[in-house]
Q: 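Below you will find the structure I want to go over with you.
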Amino acid sequence: MSRQFEWWREAVVYQIYPRSFADGNGDGIGDIPGIRRQIPYLKELGVDALWLSPHYVSPMLDAGYDVADYRNVDPIFGTLADFEGLIADTHQAGMRIMCDIVPNHTSWEHPWFIEALAHKVENDQSVPAKARYADGPWARYHLLRGQANGTLPPNNWISIFGGPAWDELTDDQGAGTGWWYLHIFDKSQPDLDWENQEVRAEFRGHLRFWFDRGIDGIRIDVGHGLAKAEGYPDCPPIKDGDPTHLNPYWDQDGVHEIWREWRAVADEYEPARIFVGEIWVGPAARSARYLRADELHTGFNFGYMTAPWQAKEIRNNITNCLRENDVMNAPATWVLENHDCWRAVTRYAPIIGQDETARTESGALDITKTVDWKSPRDLEIGAKRARAALLTMLALPGSSYIYNGQELGLDEVFDIPAEQRQDPAFHNTGGVSVGRDGCRVPLPWGTESASLDFNDNDKLWLPQPKHWKNLAASVQDSDEHSMLNLTRNALKLRHEQPALGGVVDHVPAIVWKRSGKSVLDFIRPARNGGRAIRCVMNTGTKPVRLRKNDGIVLASSSTAIVNGKLTPNASVWLWV
Ligand code: NOJ
């Protein structure tokens, strides 16, 4: 290889949602001791790195994405010493570890916001609409004078979780002050003003705090946010399906300067620390701009996750992403599941009697898109597709993310009583959006305790469905055809076969074979003395002939190949 080994270019990273992964103290909520207990499982699975969703002190009004103290661990998860122990254990096991950071907003319990609230503002009718109040502690947030003498929000921005993105400050008697603070997410998550140098310096300090403790990289929450358009203009009306639609708080040019500053901090370290950005930016050429040499190392390709079950659309996403990222000399970052979207098994499952699969917007962050979650879906087909999709993803050049429980083929859980649901997206929309709790249900590890060995008792912060008993890790462990063993086998091969590994300058990363509407067919050419591997996936309804090949490397299920043909909803790796 012409450059020093850069692990993040080809790593498979396992996302741990700490509340849901494993519970060490038996209180029904996952924690760091629970994660440490499962390090051998993760090692055996074969992933290269872990990413933990936020572990910080938080009132947990958005499951920890509302941070009150960026330099400590929330007591429900454990202590800073536990976290340091986890870093050590992970490194000891030969894996890397990344954490999350939430820079777009703080919690309303953060000392800065408490200080800002204590700073009283006057309801002065002579102040023009949209005037900015940036005195004292309010300079760290966006506080604007409302319209119509302060009685209406400053503009038409809508919160991602429903309702206006502005809340009015009230005086001691509870009367409106005419001043409104910005929260693109829940009202408990006020947006920070990133033009403020104190905010920037503070966050550089947060990065160093965790890098100094041995964290190898950081996932950046809302990496396409932070910068707001000057003058706070209204959002333009949405034209359905218009890829150029841009709200004035997403993908603004100003955000890149912040990432350049952060990159300089990561580069101070030896070995250099890395970033993966949560970049919800549609056009591949726009999202690749975040991966310029002096910005972020990697950024999630969410178009891959939201593509419907159709080879043609999936292939378009892959080719666009590889083409644009290549311009930046950046690897692609593939993802099929995370804590914000429906589990792939359910997403890819057609509604019974129709052929509708749900796009990822379903129940995820975009509450403006309503998706049918009540009609029964064919989960058997969904499970086949989820297996096929995983195998294909792991054959692609670049880095891949696996969300905890994806390797068990867990489905989305809809049967959760309203009073147990936690997601503000559910509560703020009065249940119109089903929210994201369904992909956050505690993992089934075994069959001994009532919580399926999430802990040793029956306490669970969200209820598990009964059929998960059959999906428990210990059950799948002894079934050679289980999704767990498919994942392990794929990851093992990925390490053993150079064709599936890092890109070598003189070898093309991928060579496309046939290009139909419902067949994905590509070769990862031979490199570093290994053999070439071909991956074929069938998203159609008819079996597909596999033409000339030298045998099967790995198939997505035991019924993937029948009479030499690849069956619908299956994928295969072949020697060529
Ligand atoms: C994206 C995170 O993935 C999501 O879980 C969270 O609710 C929002 N950002 C707000 O921080």
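Counting starts at 1 for both ligands and their atoms, in listed order.
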Q: Using heavy-atom distances only, which candidate in Asp221, Asp423, Asp186, Ile184 approaches atom 1 (C) of ligand 1 most closely?
A: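 The nearest heavy atom belongs to Asp221.
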Q: Looking at residues at least two apart in the chain, or sitting in another chain, which of them share a salt bridge (charged side-chain N to carboxylate O under 4.0 Å, His left out) with Asp191?
A: Lys228
Q: Under 4.0 Å between a Lys/Arg side-chain N and an Asp/Glu carboxylate O for Arg347 and Glu412?
A: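 No, this pair does not count.
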Q: If we set the cut-off at 4.0 Å for heavy atoms, which region of Val222 has an atom near ligand 1: side chain, backbone, both, or neither?
A: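 Contact part for Val222 vs ligand 1: side chain (C-beta onward).
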Q: Which of the numbered atoms in ligand 1 are below 4.0 angstrom from a heavy atom of His105?
A: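 The list of qualifying atoms is 10 (C), 11 (O).
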Q: For atom 4 (C) of ligand 1, which candidate among Ile160, Asp340, Ile220 provides the closest heavy atom?
A: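 Answer by nearest heavy atom: Asp340.
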Q: In plain terms, say whether Asp74 and Arg19 are close enough for a salt bridge, that is, a side-chain N and a carboxylate O under 4.0 Å apart.
A: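 Salt bridge between Asp74 and Arg19, a charged N being under 4.0 Å from a carboxylate O: no.
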Q: If the cut-off is 4.0 Å to any non-hydrogen atom of Arg436, which atoms of ligand 1 fall inside it?
A: 4 (C), 5 (O), 6 (C), 7 (O)
Q: Counting from 1, what ligand 1 atoms have a heavy atom of Arg440 closer than 4.0 Å?
A: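 Going through ligand 1 atom by atom, the ones under 4.0 Å from Arg440 are 5 (O).
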Q: Give a yes or no on whether the ring-centroid distance for Tyr41 and Trp445 is below 6.0 angstrom.
A: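 Between Trp445 and Tyr41, which both carry aromatic rings, the centre distance is below 6.0 Å.
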Q: Run the numbers for me: atoms of ligand 1, each under 4.0 Å from some heavy atom of His339, listed by number.
A: 2 (C), 3 (O), 4 (C), 5 (O)
Q: Less than 6.0 angstrom from the centroid, inside 45 degrees of the normal: does Arg213 satisfy that with respect to the ring of Phe209?
A: yes
Q: Under 4.0 Å, heavy atoms only, figure out whether ligand 1 is touched by the backbone of Phe161, its side chain, both or neither.
A: side chain
Q: Salt bridge check, Asp340 against Arg436: does any charged N sit closer than 4.0 Å to a carboxylate O?
A: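 Salt bridge between Arg436 and Asp340, a charged N being under 4.0 Å from a carboxylate O: yes.
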